[in-house]
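To start, the structure itself, in structure tokens.
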Amino acid sequence: MKRALTPGTFDPITSGHLDVITRAAQLVDEVVVAVAASPKKKPLFTLEERAELVRQATSHLPNVRVEPFDELLVDLAARLDATVVIKGLRAITDFEYEFQMTALNYQLNQELETLFIMSPPQYMYLSSSIVREIASLRGDVAQFVPACVNEALLEKFANA
């Protein structure tokens, strides 16, 4: 079985993330969406909330499961017997960061491959931080996120 990790903070999961996950699911037998704790990023949603939103957003994909984690990605890959990491790229700034992370992961585990999926034009500008900012200012983000995320954001900022 070819198992891939698609890691991220997913604070929150966006339509761009969902596009990458959906496309990754067509390439391998199983995709594990690895939701990182990322405490240094001070996420809006808890790890449990983010994992649940990803579960809801990917529930239509039978070969996708969600795994929250707070360890090195290479250690998670070894623990889950994943042989590939699949990540999305939007712009050259993504590439610079991801290139560095790929090199580091390779140094830690030469058996773990990294594949990149280019974002389609309609998602190249989209990021979780932009979605959070728009939502915090009571802007409509329904076109940028799955319905479950839109509801969670409305609830999160209802009394802000």
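- When all heavy atoms of Val20 and Gly88 are compared, the closest pair comes out as CG2-CA, 3.7 Å.
- The backbone N or O of Ile130 sits less than 3.5 Å from a side-chain atom of Ser127, completing a donor-acceptor pair.
- When the side chains of ILVMFWY residues are joined at heavy-atom separations under 4.5 Å, either directly or via intervening members, Met101 and Tyr106 end up in two distinct hydrophobic clusters.
- Val66 and Leu5 are assigned to two separate hydrophobic clusters, defined by single-linkage of ILVMFWY side chains at heavy-atom distances under 4.5 Å.
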Could you go through Ile21 and Val64, starting from their C-alpha distance and side-chain angles, then the distance that decides it, and tell me whether this counts as side-chain contact (heavy atoms from CB on, under 4.5 Å)?
CA-CA 8 Å; Ile21 295 164; Val64 172; 4.1 Å; yes
Between Arg132 and Asp11, does the salt bridge (charged side-chain N to carboxylate O under 4.0 Å, His left out) criterion hold? Intermediate values first, please.
CA-CA 8 Å; Arg132 287 192 313 273; Asp11 187 38; 3.7 Å; yes
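- Follow the hydrophobic side-chain contacts under 4.5 Å out from Ile86 and you never reach Leu104; the two are in separate clusters.
- For the atom pair Lys2 NZ and Leu27 CG, the distance stands at 11.5 Å (nearest 0.5 Å).
- Cluster annotation: Val85 and Val33 are assigned to distinct hydrophobic clusters (Ile/Leu/Val/Met/Phe/Trp/Tyr, side-chain heavy-atom contacts under 4.5 Å, transitive).
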Take Val35 and Thr9, measure what side-chain contact (heavy atoms from CB on, under 4.5 Å) needs, and give me the verdict at the end.
CA-CA 5 Å; Val35 182; Thr9 304; over 6 Å; no
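- No option in Val54, Val149, Leu44 other than Val149 meets the side-chain contact (heavy atoms from CB on, under 4.5 Å) test with Pro12.
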Would Phe10 and His17 count as a side-chain contact (heavy atoms from CB on, under 4.5 Å) if you check the C-alpha gap in whole Å, the side-chain angles of each, and the deciding distance to 0.1 Å?
CA-CA 8 Å; Phe10 303 106; His17 292 130; 3.7 Å; yes
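- The side-chain heavy atoms of His60 and Leu18, taken from C-beta on, include a pair separated by under 4.5 Å.
- Heavy-atom contacts from other residues, nucleotides or ligands closer than 6.0 Å to CD of Gln110 number more than 12.
- The two atoms that bring Ala57 and Cys148 nearest to each other are N-SG, 4.0 Å, heavy atoms only.
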Under the side-chain contact (heavy atoms from CB on, under 4.5 Å) criterion, do Val131 and Ile134 qualify, and how do the steps go?
CA-CA 5 Å; Val131 166; Ile134 293 170; 6.0 Å; no
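- The structure places CD1 of Ile117 at 9.5 Å from CG of Leu89, a figure rounded to the nearest 0.5 Å.
- Arg3 has no carboxylate O lying under 4.0 Å from a charged side-chain N of Asp29, or vice versa, which leaves the two without a salt bridge.
- Classification of Asp19 and Arg23 as a salt-bridged pair holds, one side-chain N sitting under 4.0 Å from a carboxylate O.
- With hydrogens and angles disregarded, no donor-acceptor distance shorter than 3.5 Å links the side chain of Asp75 to the backbone of Glu71.
- For the residue pair Pro7 and Lys87, the shortest heavy atom distance occurs at CG-CE, 3.6 Å.
- Looking at every heavy atom in both residues, Ser128 comes nearest to Thr14 through OG-CG2, 3.8 Å.
- Rounded to the nearest 0.5 angstrom, Arg138 CZ and Leu154 CG are separated by 9.5 Å.
- For the atom pair Ser15 OG and Gln122 CD, the distance stands at 9.5 Å (nearest 0.5 Å).
- Taking CZ of Phe116 as the reference point, atom CZ of Phe95 lies at 7.0 Å (rounded to 0.5 Å).
- In this structure, a donor-acceptor pair under 3.5 Å is present between the side chains of Gln56 and Glu52.
- A distance of 10.0 Å separates CZ in Phe69 from CG in Leu80, rounded to the nearest 0.5 Å.
- Under a hydrophobic-cluster definition in which Ile, Leu, Val, Met, Phe, Trp and Tyr are linked whenever side-chain heavy atoms come within less than 4.5 Å, directly or via other members, Leu53 and Val32 are assigned to different clusters.
- Crowding of Tyr125 atom OH: a count of heavy atoms from other residues, nucleotides or ligands under 6.0 Å exceeding 12.
- With hydrogens and angles disregarded, a donor-acceptor distance shorter than 3.5 Å links the side chain of Asn63 to the backbone of Ala25.
- Using a 4.0 Å cut-off between charged nitrogen and carboxylate oxygen, Glu67 and Arg65 count as a salt-bridge pair.
- Nearest heavy atom pair, residue Arg55 against residue Pro68, reads NH2-CD, 4.1 Å.
- Between Ala135 and Val141, the shortest heavy-atom distance links the atoms N-CG1, 3.9 Å.
- A salt bridge between Lys156 and Glu49 is present, with a side-chain N of the basic residue lying under 4.0 Å from a carboxylate O of the acidic one.
- In terms of modelled atom types and a separation under 3.5 Å, the side chain of Arg50 and the main chain of Phe45 share a donor-acceptor contact.
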